[in-house]
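Here the structure is laid out as structure tokens; the discussion comes afterwards.
Just follow the structure's listing: the first ligand is 1, and inside any ligand the first atom is 1. Because the structure is predicted, anything quoted here is derived from the model rather than measured.
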Amino acid sequence: MVERTLTVRVARIRRETPEILSFELAHPWGRELPGFEAGAHIDVKMPGGFARQYSLARAPGVSSDGRYLIGVKREGASRGGSASMHERVREGDLLPISAPRNTFPVQADGRRHLLLAGGIGMTPLLAMAQHLARRGADFTLCVFARSREHLAFADALAAPDLAPHVRLHLDDGASANEKIDLAALLRAHEDGTHLYMCGPAGFMAAVRKAASHWPEEAVHAEYFAAPSDSSVPAGRPFSLRLTQRGFSVPVAADQTAVDALHDFGIDIPVSCEQGLCGTCVVPAEGAGAEHRDFCLTSAERQHKVALCCSRAREQELVVHL
Ligand code: FES
């Protein structure tokens with residue numbers, strides 16, 4: 001389900017790499033699109049009925065036309081989302097999207113920002129880097145790609161205000177300038193430095209391992225899919241207490257809180273249903289939750305919960321619905 005749908009026109013499609021297309025999305029009648037913060041993503045509903053989340057790859061204000069920019073990698077095994085975007089969407093088409101939502105914000109109090117991007121995971125980090133460049137912040141954007149041919153958004157990376165902050169790692173790079181040693185890069189954590197990562201599962205695991213000694217609150221990740229090593233324990237039944245409505249809803253062991261609420265006529269918007277996108281997050285007494293999402297920070301988990309995946313730690317979870 002796409003939440004708060006608006007319609008955009010596909011203004012431009014550009015081939016970035018053999019596997020990645022970028023799409024510029026504009027208001028159909030030239031009006032302004034809703035504002036957003038760097039790091040935000042939108043849900044795109046595409047031909048065939050698929051809905052996918054894509055990060056906005058350009059910070060607000062970087063382009064005078066105000067268009068949204070997304071990058072879509074064609075996944076080898078895809079018969080659905082990314083294949084539909086690559087094969088069936090043309091310039092001029094209208095697409096329903098959600099309003100932008102940000103579960104991966106730049107930390108406003110950070111003194112230094114280290115952005116690590118693997119492949120198509122560059123999209124949110126590129127927008128964050130542009131935002132930081134405009135603020136004159138201290139940051140480095142490290143981009144990991146197979147080769148120059150597989151480097152998306154090369155024009156944006158070469159922009160004069162960004163280029164001095166960009167480091168490239170190319171798997172086939174011949175010179176030391178084209179290699180980044182993750183362990184060396186992340187060996188020391190300095191107070192006030194924040195690490196942001198986005199990329200495929202193997203890349204995320206490698207960064208997590210190299211940064212395992214970093215404080216949890218300094219590490220921020222945006223996942224494409226739930227990490228495969230996240231062994232989710234079996235669910236237990238619990239009770240969902242709704243403080244505003246004044247009653248409780250039973251959640252069976254094989255049910256999500258979203259499904260249980262639906263049975264009571266209460267529909268919570270969902271999109272990814274994997275704890276990634278933040279669509280189903282509601283205010284809650286977070287300490288009572290067994291958080292199974294990948295989108296909330298530890299601070300947010302104190303007062304929010306993602307109802308598509310999280311459960312109660314004990315018998316009851318209290319949500320402010
Ligand atoms: S629907 Fe995406 S986090 Fe719950």
Between CG on residue Asp43 and CZ on residue Phe50, distance to nearest 0.5 Å
15.5 Å
Lys/Arg-Asp/Glu bridge criterion (N-O < 4.0 Å) met for Arg14, Glu24
no
For His86, does the NE2 atom have more than 12 heavy-atom neighbours from other residues, nucleotides or ligands under 6.0 Å away?
yes
Are Asp93 and Arg88 close enough for a salt bridge, meaning some N to O gap below 4.0 Å?
no
Quick one: do Asp191 and Arg112 make a salt bridge, cutoff under 4.0 Å?
no
Who are the side-chain hydrogen bond (donor to acceptor under 3.5 Å, both in side chains) partners of His165, not counting sequence neighbours?
none
Within the 4.0 Å heavy-atom cut-off around ligand 1, the contacting residues, ordered by chain and number, are Val270, Ser271, Cys272, Glu273, Gly275, Leu276, Cys277, Gly278, Cys280, Cys308
